[in-house]
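In what follows, a structure is listed as structure tokens, so that the remarks can point back to it.
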Amino acid sequence: MTATDVASIDLTFDDNRISQMVYGPHNANLARIEHQLGVSLLARGNKLSIRGPESAANRAVTALKSLGRQAQRGDAVGSADVDSAVRLADDMGGDGSDAADIREKCAIHTRRRLIMPRTPTQVTYVEALHRSELVFALGPAGTGKTYLAVAQAVALLGAGQVDRIILSRPAVEAGERLGFLPGDMREKVDPYLRPLYDALYDMLPAEHVARGLETGTIEVAPLAFMRGRTLANAFVILDEAQNATPVQMRMFLTRLGENSRMAVTGDPSQTDLPPSQRSGLADAIGVLDDVEGVSTVRFNDADVVRHPLVTRIVRAYRAADDRNRQQDEGSR
């Protein structure tokens, strides 16, 4: 490496409070950036010196500026935020442009928090949720498919752009024979819809969720209950859509009414349908590929924003599936 390959850049935060939030406990966030980008970071109060290969140094500046803006808003800066900032800097701001501008442009405002996309694919997804009446989001667990769709629904409800939120999942585990389960209808379906409730409670005060469920402003129901309805002035989300049959998927998609939007999320590789049954999600993607007003966003294991171990688990299973597929093809 020659001297011209190395860049030395100074970055100054507004005050020590902001810099300490960015640096993390015992400068743990700085160490994480150093490890991921191969740069050297030297902190002196609110002044930070970045030294390393020019491209990597520029990406570090991009990530650090994004984290600085996050700290200025008063939001804590954790390891997941560092990873997200670095990822966005790698893919969207590697020339030193500020990835924070991209994240903030796509931010979703809910009653409890400001939700920012954490990966380039999440940015694409949020843009699609803004733009398209129907969005398919495909990919592994932990990529934010459902969470961001619920966030967009909550934001549009708060802004008065829709009158209600409808959240649905196929209750495959119960064979949709919910009448045989104990309890009232809410108790019957809650185990299958709990992840949707969790997302709602993360974005709205508990009393708002309870009131919405009582008044029908927020409705959570299994897919089987969508038949025969017209869903107007609503944001409608079908989660775990890989477990819908083609007939169910067609039924669901044709429920879309005036001034409504739909998000359909799922992982085609994780279907719980019988082996002989084609997934309605895969079927719909093929049928609607070129239809105007429909967007499809595909996530992969690089977009997993849960614990880093989840990314490694997803990759390990994907590699095992590839090996098994090759063995099956070789035995034919």
Side-chain angles (χ1 to χ4, degrees), residues 1-14 18-73 75-107 114-127 139 142-144 148 297-312 314-315:
M1 182 183 293
T2 66
T4 56
D5 295 323
V6 177
S8 183
I9 305 171
D10 293 326
L11 184 63
T12 302
F13 296 99
D14 288 347
I18 299 297
S19 63
Q20 287 305 309
M21 291 177 69
V22 172
Y23 300 167
H26 308 292
N27 290 351
N29 292 344
L30 298 186
R32 199 173 186 92
I33 294 173
E34 287 180 325
H35 175 72
Q36 294 188 25
L37 293 178
V39 296
S40 174
L41 303 178
L42 179 61
R44 295 188 182 89
N46 65 328
K47 299 183 184 299
L48 186 64
S49 296
I50 302 106
R51 182 176 172 80
E54 184 175 3
S55 176
N58 282 332
R59 294 199 300 275
V61 170
T62 298
L64 287 160
K65 284 183 177 180
S66 179
L67 296 172
R69 289 195 183 184
Q70 181 172 330
Q72 279 183 321
R73 294 194 304 270
D75 296 334
V77 179
S79 58
D81 299 302
V82 173
D83 294 344
S84 299
V86 169
R87 254 188 302 209
L88 283 169
D90 276 340
D91 290 355
M92 308 185 77
D95 60 353
S97 61
D98 197 350
D101 288 336
I102 300 169
R103 295 184 73 203
E104 291 186 5
K105 182 182 73 172
C106 295
L114 180 70
I115 296 169
M116 310 277 277
R118 291 186 167 189
T119 71
T121 309
Q122 284 193 353
V123 170
T124 301
Y125 183 36
V126 172
E127 290 174 339
T143 51
L148 289 172
V297 180
R298 290 177 169 83
F299 294 85
N300 57 46
D301 50 2
D303 296 301
V304 173
V305 293
R306 291 180 185 167
H307 192 286
L309 179 58
V310 176
T311 302
R312 298 195 291 272
V314 170
R315 287 174 176 168

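Shortest non-hydrogen contact noted between Asn300 and Thr143 is O-CG2, 3.8 Å. Shown here for Ser79 and Asn29, the closest heavy-atom pair between the two residues is N-OD1, 4.4 Å. Closest non-hydrogen pair, Ala57 versus Ile9, comes out as CB-CD1, 4.0 Å. Residues Arg87 and Pro120 come closest through the heavy atom pair O-CG, 4.3 Å. Taking each heavy atom of Arg73 and Leu114 in turn, the nearest pair found is NE-CD2, 3.6 Å. Across Leu64 and Leu30, no two heavy atoms sit closer than the pair CD2-CD2, 4.0 Å.
Listed by chain and number, the residues in a side-chain hydrogen bond (donor to acceptor under 3.5 Å, both in side chains) with Thr124 amount to none (sequence neighbours excluded). Under the salt bridge (Lys or Arg N to Asp or Glu O under 4.0 Å) criterion, Asp14 pairs with no residue at all, not counting sequence neighbours.
Asp81 and Gln70 are linked by a side-chain donor-acceptor pair at a separation below 3.5 angstrom, with hydrogens and angles left out of the test.
Panel note: side chain Ser66, backbone Thr62; no donor-acceptor pair is recorded below 3.5 Å.
Side-chain atoms of Arg44 and Leu42, non-hydrogen and from C-beta on, do get closer than 4.5 Å to each other. With a 4.5 Å cut-off on side-chain heavy atoms, Ile50 and Leu11 count as touching. Side-chain contact between Asp10 and Leu48 is absent, with no heavy-atom pair separated by less than 4.5 Å. Here the side chains of Thr119 and Leu88 are not in contact, with every heavy-atom distance at 4.5 Å or above. The shortest distance between side-chain heavy atoms of Gln122 and Cys106 does not fall below 4.5 Å. Within the 4.5 Å cutoff, no side-chain heavy atoms of Phe13 are placed close to those of Gln72. Looking at Val6 and Glu54, their side chains never come closer than 4.5 Å, going by heavy atoms from C-beta outward.
Rounding to the nearest 0.5 Å gives a distance of 4.0 Å between NZ of Lys47 and OG1 of Thr12. One distance of note links OG of Ser8 with CZ of Arg51; it measures 5.5 Å at 0.5 Å rounding.
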Between Ile18 and Asn46, is the side-chain contact (heavy atoms from CB on, under 4.5 Å) condition met? List the steps.
CA-CA 8 Å; Ile18 299 297; Asn46 65 328; over 6 Å; no

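Looking at Asp83 and Arg118, no side-chain N of the basic residue comes within less than 4.0 Å of a carboxylate O on the acidic one, giving no salt bridge.
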